[in-house]
Amino acid sequence: ITPTGTITEHPLPSPGSQPWEICSGADGALWFSELGANRAGRITTDGTITEVTLAGFDLSHTEGIVCDRSQGVWASMPGIGSRLVRLSGPGAPSYSPPLDGLAAGFAFSRLHRAYFTTYLFSTVEIGRLHPDSGAVPMRFPRPFTGTALQFLLDHDGDLWWIDGGQ
């Protein structure tokens, strides 16, 4: 959408994919997650779309997506054997070990640390992703009654989250 309100739409190349979340990469391109497909996409401001095809883990798709300032792009793949995937950089795509629960939200701190959430039944966990060793959960169980759980880190480094059922 331009400042004057003009909307330009760009059809996705993969039938059945549904854009879900979007973030701005360090190179100025936009990255987006795709529900309904084992893909994530990158679109330049001139409309050039590139998709990254991901491994077909059981019932997985990309959902949460986050871009950090060092050109890292990460997405969550909820489903059986839920994982986090690095979409950019050397060796991409690369995958975390399976997580205990369904991967949901993502946020980056001022120190370029990636935090993520997982949920399964009545337990929500918040974890921190170490680029070299994969996901390292920090157990933070709490009652969960909502649907998706999203969160962010504010400028002071405090964690804020939305639980749709609370």
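Reckoned from all heavy atoms, side chains included, excluding hydrogens, waters and symmetry mates.
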Peer 1: When you compare the side chain of Leu87 with that of Leu54, does any pair of heavy atoms fall below 4.5 Å?
Peer 2: yes
Peer 1: Can you tell if the side chain of Ile65 reaches within under 4.5 Å of the side chain of Trp20, non-hydrogen atoms only?
Peer 2: no
Peer 1: Any side-chain donor-acceptor pair under 3.5 Å between Ser14 and Glu34?
Peer 2: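 Checked: Ser14/Glu34 side chains show no N/O donor-acceptor pair below 3.5 Å.
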Peer 1: Hydrophobic clustering (ILVMFWY, side-chain heavy atoms < 4.5 Å, transitive) - are Leu30 and Phe32 grouped together?
Peer 2: yes
Peer 1: Side chains of Glu51 and Pro13: closer than 4.5 Å at any heavy-atom pair?
Peer 2: yes
Peer 1: Verify, without hydrogens or angle tests, whether Ser33 (side chain) and Glu21 (backbone) share a donor-acceptor contact under 3.5 angstrom.
Peer 2: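 The answer is yes, because a donor-acceptor pair under 3.5 Å joins these two groups.
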Peer 1: Do Ile22 and Leu12 sit in one hydrophobic cluster, given that two such residues count as connected whenever their side-chain heavy atoms are within less than 4.5 Å of each other, even indirectly?
Peer 2: yes
Peer 1: Which distance, rounded to the nearest 0.5 Å, do you find between the NE2 of His10 and the CD1 of Ile43?
Peer 2: 4.5 Å
Peer 1: Looking only at heavy atoms, what is the nearest atom pair of Pro93 and Val52, with distance?
Peer 2: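 That would be CG-CG1, 4.2 Å.
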Peer 1: With sequence neighbours left out, write down each residue that passes side-chain hydrogen bond (donor to acceptor under 3.5 Å, both in side chains) with Ser24, or none if nothing qualifies.
Peer 2: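 Counting only residues at least two positions away or on another chain, Ser24 forms no side-chain hydrogen bond (donor to acceptor under 3.5 Å, both in side chains).
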